[in-house]
Asker: 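This structure is in structure tokens; I'll ask about it shortly.
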Amino acid sequence: MTVKQPEQRELRYDPKPIEEKWFARFQGDPTLYAAEPRDSKRKKYYVLEMLPYPSGALHIGHVRNYAIGDALARYMWMRGYNVLHPMGWDAFGLPAENAAIKSNVPPKEWTLRNIAHMKAQMKRLGFAYDWSREITSCLPEYYRWNQWFFLKLYERGLAYRKNSKVNWCPECATVLANEQVLSNGCCWRHEETPVVQRELEQWFVRTTNYSEELLRDLDELEDWPEKVRTMQRNWIGRSEGALVDFKLDGPAGRAGDKITVFTTRMDTIFGATSIQLAPEHPLVADIIGNDHHLRAKVEELTREQRKAREAGDVGGIEKHGVFTHRFAINPFNQEKIPIWVANYILLDYGTGAIMSVPAHDERDHEFAKKYELEIRVVILPRRVGEPPPSDREDNALLPYTEKESLLINSGEFNGFSNEEAIEKMTAYAEKGGFGKKTVTYRLKDWGISRQRYWGTPIPMLYCAKCGIVPVPEDQLPVLLPDKVQITLQGGSPLAQAPEFMNATCPKCGGAARRETDTMDTFVDSSWYFYRYTCAQLQDRALDTDTVDYWFPIDQYIGGIEHAILHLIYSRFWTKFMRDLGIVRNSEPVLRLFTQGMVIKDGAKMSKSKGNVVSPDEMVERYGADSTRAYSLFAAPPDRDLDWQDAGVEGVHRFLSRVYRFVMRYAYCAREEKNSKSGPQGALPPEARAIQRKLHQTIKRVTDDFQGRWHFNTCIAAIMEFVNELYGAEEKIASGELPAAVVADAERRVVLLLAPFAPYLAAELWEALGETDNLLRHPWPEYDPALAKEEEIEYPIQINGKLRSKITVPADSAEDFVRDGALADEKVRAALEGKQLVKTIVIPGKLVNLVLK
RNA sequence: GCGAGAGUGGCGGAAUUGGCAGACGCACCAGACUUAGGAUCUGGCGGGUAAAACCGUGGGGGUUCGAGUCCCCCCUUUCGCACCA
């Protein structure tokens, strides 16, 4: 056998020409990542990354997001699945309008330019997307379906218009939905701009119709992070209780003759010693009448609340209130109790009015102490197995808010437990016609009106004769006018465009005015991922059967920031589409993965902090493969990642080592084409060691893809193996090691690398003499028999401390291992003068000797 | 205040079910090859010691032959929620 000389010339890994070469080839091969099922009987895998907002260039955090999804897509593809992996972002292609205006570029052009730039970046990074499925939501085709869905919502009474107080971001110059206001009271897009309240006519979507289902189905989403499920539960905020009417004592006002309160603690109603109204409760104006002093006081309370709300710290407000000089009647005992107005009562939760029970509610207690209101105990702790305690007040316990309780001072309900009392008292109220069992939700309807120019126009007309009239389906899409004056002065710029504004009423043929509000961009993002399955469809929004094949999404990957925005809206939209009969699934996403943020210099990457790492720069310096591999190597994907440029260099060095090794010894594979099944027959120990490590490495990498996605340890395992190959380099170069072993190792390492460094893998695959596309090559299998160690090193512990090590054949019996351990020199020395109390042998793990 | 994570060398992080703590990488140190090295290769690298012993996974206790891992108490930190009646 002739010994081939390894490649002698200096081999330098230069990613640039390699990536350019394969970039061109990938582009020329539209079938490479095609989503058309290769075989409809195969299992499918739909993987999608969550959309970052295309307000500028990609930063390295996005790259990490895509790198995770891309590695999965490639792996599943090699596993033989039909993979759908479309772009996540461009469906969301509505720009920060202001940014466009400030840069003096028309918004549409600005959007398309942004998208083109990002697309170029994505392509350069080599992400395996199906580019034939692009959707760009700023284009007329997408408007059509958004508007069509809106008409369906309207037909079903799920879209309505109402005048209400809304959140307004001065920076965006538009309205925001509740979900789009951060907990610090600022806008989700402008994290330092406080949102203010405005009163406006707005279009709403009745998400609350699905509150119950949105909540209930969270239980089924077992493969969602618990954190996201909890956030959604809190956001929906279901609360079971009852409504109770308290009649006004004295004359009725315009807003009625009673105050309805919501309570979850009906059992404490005999302890109600006042009624508290929200400052903006409609009855307040009625009952304070023309009392200037009271009116001023209420205005002050309103201001305090508004200020706290705008600061996002309603919890920190100092409780203030004022007595209205009016009374209400407790329907349970006909007692007259004072009506107050308080700044901590919120109009938009429950009914905006509460019964105050100072003895059994912390807030009421604090308030009553401050204003010296009566505190009356009506429940006592129940002591199991003991007779009910006496009616003595125990002030140290107050407020007593536990549910484990027993009623006192409550008329005919004395002696009942909390649970029984709530049930009986609610029934009593229902029977008496002054109350009823009810459930309230914190979730509000979704306000979708935006006063932007750039967005899907809401397809509605206002006719003087016919009122609100929907645009007929055959007139869709309603398109935006080309030229408008954008002033950001509030109100939609569309109102200044007469050619847009003036329309004909489809009912009476008279003059009509068009709705000038456009839709929230979250409407687009609520269903864009469905459209990917049938992007070219002309006559319908979606094809039900195609959607049914791909849905639900198998894996959605993104940041936590959409937990209660996009992820609630899209769940709602799915249920709505299911009820329309367009889709068959009730949930859009089977598994959700929230990856960590990328941290740089101790802070979250953001433009305002100036710590953004640009992928372009990284690709220029180290290449796309090194950049994406580092984003997976530096930390497990669910944790935050601390970006260090030096780390990229390390990964780059590793890829260089792989490149040099494979290029140098590629001849082994080219010469050994006949033995692709791996080396046959008995191998010398060094060759066996390489083979064993190879199969162990395949197992480690495969296990992590199947299980917990710790891609950092996958890459580490491949590094270890490559180090081992270098350790045997002398023997490989001299031909001492069978070429078949080297060839086998090279081929499989390249395949293992394919999800993490696809350009390099493609180049090396070719160098190994392979002509097929490596994505079409099956993922390497490991052979447990070949991965098995032949010898095991047992650590010998004495009293739990490591003292020695022995090496025995892997299949040694326990006795043999024990005898071996006891025969060890160091062990015998330690045994000197001591008594062996116990010997513990854990097969395959260790030996522990207990001495006394 | 409530809820969920996290705390391991100089740094990022390994250790999936209790079984050799620090894999892999960065940084650093030494050496080789070099006119040169910001290339490459080899070796070292938790503290401590001449070498051992010994000490080491935020702190304190416990269970166990054996604890980063399990239990109890506490500290720090990140995120989310917070007058939700």
Side-chain angles (χ1 to χ4, degrees), chain A residues 10-12 183 225-231 233-235 237-239 241 261-265 268 276 278 305 308 312-319 342-346 348-357 360-364 366-367 440-442 560-561 563-564 596-597 599 630 633-636 638-651 653-654 656-657 660 700 703-704 707-708 710 712-723 726-727 729 793-805 837-842 844-851:
Chain A
E10 185 72 17
L11 284 166
R12 235 177 70 77
S183 58
E226 191 51 49
K227 182 175 187 166
V228 174
R229 296 205 282 170
T230 308
M231 282 167 78
R233 278 193 196 103
N234 289 343
W235 188 261
R238 183 181 198 275
S239 185
V261 303
F262 174 72
T263 178
T264 55
R265 292 299 303 271
T268 63
Q276 305 284 344
Q305 188 180 85
D313 187 26
V314 190
I317 197 170
E318 201 191 326
K319 290 184 183 55
N343 63 355
Y344 70 96
I345 307 299
L346 306 170
D348 53 9
Y349 185 79
T351 58
I354 63 154
M355 61 178 202
S356 175
V357 185
H360 306 297
D361 182 282
E362 270 172 43
R363 297 152 297 173
D364 295 347
E366 186 191 332
F367 192 87
T440 47
Y441 296 90
R442 205 184 94 110
I560 189 80
E561 66 273 13
I564 50 169
M597 290 181 305
I599 307 287
Y630 174 69
F633 175 67
D638 50 350
R639 272 218 233 165
D640 285 353
L641 181 155
D642 189 58
W643 190 271
Q644 296 174 355
D645 287 0
V648 191
E649 215 164 311
V651 171
R653 212 170 297 165
F654 160 65
S656 304
R657 277 161 71 80
R660 280 197 309 272
R700 282 171 69 181
D703 284 354
D704 264 349
R708 39 161 220 177
H710 279 198
N712 53 334
T713 55
C714 290
I715 296 172
I718 302 172
M719 284 173 170
E720 267 184 67
F721 181 63
V722 171
N723 289 347
Y726 269 91
E729 191 180 1
E793 190 183 54
Y794 275 88
I796 314 292
Q797 294 183 340
I798 291 175
N799 291 336
K801 296 206 166 153
L802 182 68
R803 283 294 176 263
S804 186
K805 289 182 180 185
V837 183
K838 201 173 175 185
T839 310
I840 295 146
V841 179
I842 311 293
K845 296 274 185 181
L846 54 41
V847 179
N848 192 8
L849 305 171
V850 186
L851 300 190

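Just so we're on the same page: letters track the sequence lines, and every chain starts at 1.
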Asker: Look at the side chain of Arg363(A) and decide which nucleotide, out of rA85(B), rC65(B), rA14(B), has an atom nearest to it.
Answerer: rA85(B)
Asker: For Asp703(A), give me all partners under salt bridge (Lys or Arg N to Asp or Glu O under 4.0 Å), at least two apart in sequence or on another chain.
Answerer: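 Counting only residues at least two positions away or on another chain, Asp703(A) forms a salt bridge (Lys or Arg N to Asp or Glu O under 4.0 Å) with Lys699(A).
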Asker: Which value, in whole Å, describes the distance between the C1' atoms of nucleotides rC24(B) and rA14(B)?
Answerer: 7 Å
Asker: Tell me the closest heavy-atom pair linking Asn799(A) and Leu851(A), and the distance in Å.
Answerer: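 Reported closest heavy-atom pair: OD1-N, 2.9 Å.
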Asker: To the nearest Å, give me how far apart CD1 (Ile354(A)) and P (rC83(B)) are.
Answerer: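 Checked: the CD1 to P distance equals 14 Å.
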Asker: Hey, what do you get for CE (Met597(A)) to CD1 (Ile560(A)), rounding to the nearest 0.5 Å?
Answerer: 10.5 Å
Asker: Could you pull out the protein-nucleic contacts involving nucleotides 22-25 of chain B (nitrogen or oxygen on both sides, under 3.5 Å)?
Answerer:
residue	atom	partner	partner atom	Å
rA23(B)	O2'	Glu720(A)	OE2	2.8
rG25(B)	OP1	Asn723(A)	ND2	3.1

Asker: What interatomic distance, in whole Å, is found between P of rC84(B) and the corresponding atom of rC74(B)?
Answerer: 25 Å
Asker: Using the C1' atom as the reference point in each nucleotide, state the distance between rA21(B) and rC55(B) in Å, no decimals.
Answerer: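 These two C1' atoms come out 14 Å apart once rounded.
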Asker: Could you tell me whether the side chain of Gln305(A) reaches within less than 4.5 Å of the side chain of Leu346(A), counting heavy atoms only?
Answerer: yes
Asker: Quick one: Asn799(A) CG to rA67(B) C1', roughly how many Å, whole number?
Answerer: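 Distance, rounded to whole Å: 16 Å.
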Asker: As a check on the pairing definition, encode RNA chain B in dot-bracket form, counting Watson-Crick and G-U wobble pairs whose two distances are under 3.5 Å, and using | for partners outside this strand.
Answerer: (((((((..(((......[....))).(((((.......))))).((......))..(((((..]....))))))))))))....
Asker: Set out, line by line, the N/O atom pairs under 3.5 Å between protein and nucleotides 77-81 of chain B.
Answerer:
residue	atom	partner	partner atom	Å
rC79(B)	O2'	Lys227(A)	NZ	2.7
rC81(B)	OP2	Ser183(A)	OG	3.2

Asker: So Thr263(A), base contact, sugar-phosphate only, or nothing? Heavy-atom distance under 4.0 Å.
Answerer: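 Sugar-phosphate, no base atom in range.
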Asker: Specify the separation, in whole Å, of atom CD of Glu366(A) and atom C1' of rG1(B).
Answerer: 13 Å
Asker: Leu641(A) near the nucleic acid: base, sugar-phosphate alone, or nothing, with a heavy-atom cut-off under 4.0 Å?
Answerer: nothing
Asker: To the nearest Å, give me how far apart CD (Glu362(A)) and P (rA82(B)) are.
Answerer: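 Going from CD in Glu362(A) over to P in rA82(B) covers 17 Å.
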Asker: List for me each residue that meets ring-ring contact (aromatic ring centres under 6.0 Å, His included) alongside Tyr344(A), sequence neighbours excluded, and say none if there are none.
Answerer: Phe367(A)
Asker: Mind calculating the distance between CD (Gln276(A)) and C1' (rA85(B)) to the nearest angstrom?
Answerer: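 Computing the Gln276(A):CD to rA85(B):C1' distance gives 11 Å.
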Asker: Roughly how far apart, to the nearest Å, are rA23(B) and rG46(B) at atom C1'?
Answerer: 15 Å
Asker: With C1' as the reference atom in both, quote the distance from rC83(B) to rA67(B) in angstrom, rounded to an integer.
Answerer: 44 Å
Asker: Using heavy atoms to find the nearest nucleotide of RNA chain B for Val850(A) and Asp704(A) separately, return the residue whose nucleotide is more 5′.
Answerer: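 It is Asp704(A) whose nearest nucleotide is closer to the 5' end.
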Asker: Could you go through Met355(A) and Thr263(A), starting from their C-alpha distance and side-chain angles, then the distance that decides it, and tell me whether this counts as side-chain contact (heavy atoms from CB on, under 4.5 Å)?
Answerer: CA-CA 8 Å; Met355(A) 61 178 202; Thr263(A) 178; 3.6 Å; yes
Asker: Base, sugar-phosphate or nothing for Arg803(A)? Non-hydrogen atoms, less than 4.0 Å.
Answerer: sugar-phosphate
Asker: Please measure how far the P atom in rC45(B) lies from the corresponding atom in rG22(B), and state the result in whole Å.
Answerer: 11 Å
Asker: Show the distances under 3.5 angstrom between N or O atoms of the protein and N or O atoms of nucleotides 17-21 of chain B.
Answerer:
residue	atom	partner	partner atom	Å
rC20(B)	O2	Lys805(A)	NZ	2.5

Asker: Once you round it to whole Å, what is the distance between P of rU16(B) and CZ of Arg639(A)?
Answerer: 14 Å
Asker: For Asp348(A), enumerate each residue passing the salt bridge (Lys or Arg N to Asp or Glu O under 4.0 Å) test, keeping only those at least two apart in sequence or located in another chain.
Answerer: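 Only Arg309(A) meet the salt bridge (Lys or Arg N to Asp or Glu O under 4.0 Å) criterion with Asp348(A).
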Asker: Arg233(A) CZ to rC84(B) C1': how many Å, rounded?
Answerer: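 So the two atoms are 18 Å apart, to the nearest Å.
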Asker: Listed by chain and number, what are the side chain to side chain contact (heavy atoms under 4.5 Å, CB included) partners of Lys845(A), not counting sequence neighbours?
Answerer: Ile842(A)
Asker: Sequence neighbours left out, what passes side chain to side chain contact (heavy atoms under 4.5 Å, CB included) with Ala353(A)? Give chain and number order.
Answerer: Ile259(A), Val261(A), Leu277(A), His281(A), Thr351(A)
Asker: Classify the nucleic acid contact of Leu849(A) as base, sugar-phosphate or nothing, counting any heavy atom under 4.0 Å across all strands shown.
Answerer: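 No contact.
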Asker: Could you list the residues that satisfy salt bridge (Lys or Arg N to Asp or Glu O under 4.0 Å) with Arg238(A), not counting sequence neighbours?
Answerer: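 Result, salt bridge (Lys or Arg N to Asp or Glu O under 4.0 Å) vs Arg238(A): Glu212(A), Glu240(A).
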Asker: Go through the steps to decide whether Tyr630(A) and Glu649(A) satisfy the test side-chain contact (heavy atoms from CB on, under 4.5 Å), and finish with yes or no.
Answerer: CA-CA 9 Å; Tyr630(A) 174 69; Glu649(A) 215 164 311; over 6 Å; no
Asker: Is the base of rG9(B) syn or anti, if syn means a glycosidic angle within 90° of 0?
Answerer: syn
Asker: Which pair of heavy atoms, one from Leu802(A) and one from Lys805(A), lies closest together, and at what distance?
Answerer: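 Nearest heavy atoms, Leu802(A) then Lys805(A): CD2-CE, 4.3 Å.
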Asker: What integer number of Å spans the P atoms of rC20(B) and rG68(B)?
Answerer: 9 Å
Asker: Whether the Arg657(A) and Asn723(A) side chains hold a donor-acceptor pair (N or O, under 3.5 Å, no angle test) is what I'd like checked.
Answerer: yes
Asker: Starting at CG of Asp638(A) and ending at C1' of rA6(B), how long is that distance when rounded to a whole Å?
Answerer: 12 Å
Asker: Name the nucleic acid region contacted by Ile718(A), choosing base, sugar-phosphate or nothing; use a 4.0 angstrom heavy-atom cut-off, strictly under.
Answerer: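 Touches nothing.
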Asker: For rC2(B) versus rU57(B), give the span between their C1' atoms, rounded off to a whole number of Å.
Answerer: 29 Å
Asker: I need the full list of salt bridge (charged side-chain N to carboxylate O under 4.0 Å, His left out) pairs touching residues 712-721 of chain A, with sequence neighbours left out, sorted by first then second residue.
Answerer: Lys693(A)-Glu720(A), Arg700(A)-Glu720(A)
Asker: For Glu318(A), what residues pass the salt bridge (Lys or Arg N to Asp or Glu O under 4.0 Å) criterion, not counting sequence neighbours?
Answerer: Lys370(A)
Asker: So, Glu366(A) and Arg363(A), do they make that salt bridge, N to O below 4.0 Å?
Answerer: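 No, this pair does not count.
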